[in-house]
Amino acid sequence: MRIGLIGTGRIGTFHADVLSRHREVGSLVVADIDSTRVAEVADRTGSTAAPSVDEVFTWGVDAVVIASATSSHADLISRAARAGLPAFCEKPIALDLAGTLGALREVESAGTVLQLGFMRRFDAGYASARELVRSGRLGRLHTVRAITSDPAPPPAAYLPLSGGLYRDCLVHDFDILRWVTGREVVEVYATGSDAGPGMFREAGDIDTAAAVLTLDDGTLATATATRCNGAGYDVRMELAGELDQFAVGLDDRTPITSTEPKGPPPCDNPWPGFLERFAPAYEAELDAFLQVVNGELDNPCDGREALHALRIAEACELSRREHRPVALTEIPAG
Ligand SMILES: NC(=O)c1ccc[n+]([C@@H]2O[C@H](COP(=O)([O-])OP(=O)(O)OC[C@H]3O[C@@H](n4cnc5c(N)ncnc54)[C@H](O)[C@@H]3O)[C@@H](O)[C@H]2O)c1
């Protein structure tokens, strides 16, 4: 099939590599507003550089992969829907509810496919955790602890465009919490700290966040994130039930050192970042998308899932600002 890829930055370059090697992709058209970058990626992957994004919609592609900057997602999703094309889009659809809902309405009225890039759903550890919860081996699940720690802050210029730590980073934890447990978040109580590098304060953002989330069956979850985890990239989830407990993301590359005399040896090869830690998951989500396009698989992460995760992030921002618990019913759903 012929695939159009829009955006050839950090994640788009990774997707270009995966798509150009994929057995189902006969031809790949790449586009970016940065003509130098798109030419380099086209050259390296043997794909065709489109002169502009418009050609992606006029050159007869079978599907579109959107990996451009967040501010362009809603418009590109809508264009794909109006062209009748299935689309895969990196999270988020938009940084606000209005933009997210507008794009979803376009997709739903066109009846096209929109798959969202919540790649943790394709990670082996999270997939096992989901199975374990359903198998009953934990007994009643009572506590979930989710962690996302970036090794270093992004460039200062990124912060005003990011939507803040909850929408940009913890949104992955909110999605995977729903997916693993099969439950909905009903209330959040969140706080954040800007005590780290000054650029966070200047952008009105936080460098570290913590949230307590109550699920609809009474399970309690915590989600923490930081942009300043010098030990390395650390993404984990612990699930504790009445019968047993399990951990996702705990292996010999987890950047944490035990203080116990008989603890595991210190990690000497920590995950440097998301592209390394989740490489197999990014590959698997695109493989799934191509199967969806071929009609061989149901959409594993419909666009509506992004709305659910964004509403939890919105509730956390409101909770942090107003220093109070926020019920999800306070956040518009449509
Ligand atoms: N799922 C994940 O784990 C994950 C990881 C990283 C990034 N992302 C998401 O992917 C998107 C891209 O992030 P990135 O880190 O690759 O950013 P980046 O800045 O490295 O790359 C973005 C690219 O988009 C291009 N671009 C901007 N506006 C465009 C437009 N209107 N049309 C075409 N190209 C345009 C830019 O020139 C740039 O090359 C963001 O929405 C981000 O949230 C998701």
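Because the structure is a prediction, the values reported are computed rather than measured. Start at 1 and go down the list; that is how both ligands and their atoms are numbered.
Taking 4.5 Å as the limit, every side-chain heavy atom of L310 sits out of range of all side-chain heavy atoms of K91.
Neither the backbone nor the side chain of F278 comes within 4.0 Å of ligand 1, counting heavy atoms alone. Contacts between I6 and ligand 1 below 4.0 angstrom, taking non-hydrogen atoms only, involve the side chain exclusively. Contacts of A67 with ligand 1, taken as heavy-atom pairs under 4.0 Å, involve the backbone alone.
Distance from atom 21 (O) of ligand 1 to its nearest protein heavy atom, with residue and atom name: G9 CA, 3.2 Å. When hydrogens are left out, the protein atom nearest atom 28 (N) of ligand 1 is I33 CD1, 3.5 Å; that is the closest non-hydrogen contact. Closest to atom 23 (C) of ligand 1, if we only count protein heavy atoms, is D32 OD2, 3.7 Å. Looking at atom 16 (O) of ligand 1, its nearest protein heavy atom turns out to be I11 N, 3.0 Å. The protein heavy-atom contact nearest to atom 44 (C) of ligand 1 is E90 OE1, 3.1 Å. Given atom 38 (C) of ligand 1, the protein heavy atom at minimum distance is R37 NH1, 3.0 Å. Looking only at heavy atoms of the protein, atom 9 (C) of ligand 1 is closest to K91 O, 3.5 Å. Shortest contact from atom 11 (C) of ligand 1 to any protein heavy atom: S68 O, 3.3 Å.
A search for ring-ring contact (aromatic ring centres under 6.0 Å, His included) contacts involving H73 returns nothing, not counting sequence neighbours.
Counting atoms of ligand 1 from 1 in the listed order, those under 4.0 Å from a heavy atom of S72 are 30 (C), 31 (N). Interface atoms of ligand 1 facing V53, defined by a heavy-atom separation under 4.0 Å, are 32 (N), 33 (C). Atom numbering of ligand 1 starts at 1 in the shown order; those under 4.0 Å from a heavy atom of T70 are 40 (C), 41 (O), 43 (O). Heavy-atom proximity to H172, at under 4.0 Å, picks out these atoms of ligand 1: 1 (N), 2 (C), 3 (O).
Closer than 4.0 Å to atom 41 (O) of ligand 1 lies at least one heavy atom of the protein. Closer than 4.0 Å to atom 19 (O) of ligand 1 lies none of the heavy atoms of the protein.
Of the candidates D150, D123, D251, D234, D123 is the only one forming a salt bridge (Lys or Arg N to Asp or Glu O under 4.0 Å) with R277.
Geometrically, ligand 1 and A69 share a nitrogen or oxygen pair separated by less than 3.5 Å. When only interatomic distances are considered, the shortest N/O to N/O separation between Y282 and ligand 1 falls below 3.5 Å.
The pair R44-D17 counts as a salt bridge, with a side-chain nitrogen and a carboxylate oxygen less than 4.0 angstrom apart.
The distance from the CH2 atom of W59 to the CZ atom of R2 is 7.0 Å, given to the nearest 0.5 Å.
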